[in-house]
Amino acid sequence: MKAWRASLLWFDGSAEPARSARYEADGLLLTDAGPDGVERVLEVGAYQSLYLRLRDQQPGLTITELPGRIIAPGFVDMHIHYPQVDVMGSPADGLLPWLENYTFPEEKKFFSDSHCANVATFFVAELLRHGVTTAMCFASAHVASVQALFAQSLASRLRVISGLCLMDRHAPEGLRNDTEQSLVDTEALIEQWHGKGRLGYAITPRFAPSCTPRQLQGAGELATRYPDVWVQSHVAENLDEIRWARELFPASGSYLGTYADFGLLRQRAVYAHCIHFDDADRALMSQSGAAAAVCPTSNLFLGSGFFDFALASAAGMQYGLASDVGGGTSFSPFHTMLAAYYVGRQALPGTPGRAGVSLSPQELWWQHTAGAAAALGLAGVVGNLLPGCDADFVVLNPQATPLLASRTGQARSLDELLFALIVLGDDRVVDRTVVA
C-alpha cells in the first residue's frame, strides 16, 4: 500500500459534471498494486479520518507528504496525432492546405524505424510532462509507426489507444496503403497489441475521403469481428471536407452517415471534431453510442468552426476534450480547457438569438478527465480517483508562477481555484505525473 497526502480533486460519479467535483484540502490517497502489477486507488478522503483508522491497521505505512500541492486525476486526451509533433505551429489557410503542405510531407518520414522510435519517445515524454496519462492517438500509414508508439507506451506504462492510419486514396505516394494489405496489417496489429498491458487498438480510417469503399468495408468488418477494439476517425471538421465527402459517398445520408453505412459507428467509436452537425447527425451519434473528441485549439487555429456544446448535450451525445496535436497548438490540457471555454462562449452561426454557454470550471475539468474516460468506455478505469481506478494522477503546483500563486491564493471557492489554473496554467503546473 502507498499513501499520498495533499489536497485532492476527484469526481463523485454523478450525472451532473458541472457540480460533480469533490475537493479535500487535506486529503489522503491510498493505492495498492493488483495481481497484474497495476497500482489502483484503494481509498480517497480526508487525511484526519483515514489516518486515524490506518495508523493502527498499517503501523509501518509511509506517507508521501506533498504540502501545497493538489493531486488530481491524470488527464485523458481523446484525439492526438503522434506523427504531427513537428507540424505544430505551421501556417496554413485551412485544413486541406495544411494537410497537403505540412502534414503529409511530415508523415512520409515514418517509414523509418529509427525516426518512428525517436518521435515516439519524445511524444510519450511530452504527454507525461503535461499530465496526460491516457491518450487516443493516430499513428501514420506505416506499420513501423504503430509498433514504435505501442512499444514506447508499454515501457512507460502510459495507457494509449492507437492504430494504423488507413488511407488508400487521395494521399501522396509513400502514404497510401495497399487496400487489402492494410486490412491484413490492421488485424495482425490487433492480435499483437490490443489488451497488452494497458494498450488498446483503434481501427483508424483517416477520414472517409481518404478511403475507398472497399477499405471502409474491410474496416467495418474488423470492427464487427473485434467488438472490444476502438474505432477512430475524423468527421465534419471543415466545410470543404464535408462537400468532398458528400461527392464521394452520395448514397450516404450525411458525412457521418457514411461511417454508419460501413459499420464504423458504434460504442467505442470516437470521431474528432463533429463541428458542422445537424440535429440528425447528433441524434445518430447519440443512438449509436459513438463519442465526439472536441478539439478547440485545433479548430480555432485552422478556422474550422465551433463545436456546439449546448446542442450536443441536449441530444445526449458523449464527448470529451482533445488536443489534436499537431493541428492543435499545445499538449497542455490547461490550454485545451481554456480554448473550450472560449468556444463555448460563441454565439454560433445559424442560431439567432441563442447565446453561447459558459462552461463551468468543474465541467471543463471533467471533460478532460472523467468525462473523456466515460466517452472512451473507460469510466471507473481512468480519469478519476474513485476506488478501483488505475492510479493515474498528476501532482499540481498552484503556485507554479508568481501570477498563478497570487491568483490561486485569493480563490474563495473551488470554481475560482480551478478556473485560475485553467486560465493561467501550463506545463509548469505539473510537478509530477504518476501512471499505474
Quick one: which residue pairs count as a side chain to side chain donor-acceptor pair (under 3.5 Å) with a foot in residues 88-102, not counting sequence neighbours?
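Those involving residues 88-102 do not exist here.
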Any side chain to side chain donor-acceptor pair (under 3.5 Å) involving residues 49-59? Give me the pairs, sequence neighbours left out, ordered by first then second residue.
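Checked against side chain to side chain donor-acceptor pair (under 3.5 Å) - neighbours excluded - the pairs reaching residues 49-59 are Glu43-Arg53.
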Side chain to side chain, [X] and [Y], heavy atoms closer than 4.5 Å:
X	Y	value
Leu61	Lys2	no
Leu158	Arg198	no
Leu265	Met285	yes
Ser233	Thr204	no
Glu107	Pro83	yes
Phe11	Thr369	yes
Val229	Arg268	no
Leu364	His368	no

Are [X] and [Y] close enough that their ring centers fall under 6.0 Å?
X	Y	result
His234	Phe138	yes
Tyr319	Phe309	yes
Phe307	Phe277	no
Phe334	Phe75	yes
Phe249	Tyr255	no
Phe110	Tyr82	yes
Tyr201	His194	no

Identify every side-chain donor-acceptor pair in residues 23-41 under 3.5 Å, counting partners at least two apart or on other chains, and give the distances.
unit_1 : atom_1 : unit_2 : atom_2 : d
Tyr23  : OH     : Ser7   : OG     : 3.4
Asp26  : OD1    : Arg5   : NE     : 2.9
Asp26  : OD2    : Arg5   : NH2    : 2.9
Thr31  : OG1    : Glu39  : OE1    : 2.9
Asp32  : OD1    : Met1   : N      : 3.4
Asp36  : OD1    : Val38  : N      : 3.1
Asp36  : OD1    : Arg40  : NH1    : 3.0
Asp36  : OD2    : Arg40  : NH1    : 3.3
Asp36  : OD2    : Arg40  : NH2    : 2.8
Arg40  : NE     : Asp390 : OD1    : 3.4

Minimum heavy-atom distance [X]-[Y], with the two atoms named:
X	Y	value
Met78	Ala375	CE-CB, 3.7 Å
His79	Ala293	CB-CB, 3.7 Å
Ala219	Leu166	CB-CD1, 4.1 Å

Check step by step if side chain to side chain donor-acceptor pair (under 3.5 Å) holds for Ser332 and Asp427.
CA-CA 6 Å; Ser332 174; Asp427 56 294; over 6 Å; no
Which value, rounded to the nearest 0.5 Å, describes the distance between Arg19 atom CZ and Asp12 atom CG?
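Separation between the atoms: 10.5 Å.
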Can you confirm whether more than 12 heavy atoms, excluding those of Arg428, are under 6.0 Å from its CZ atom?
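Count not over threshold, so no.
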Exceeds 12 heavy-atom contacts within 6.0 angstrom, atom CD of Gln48:
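Result for CD/Gln48: open.
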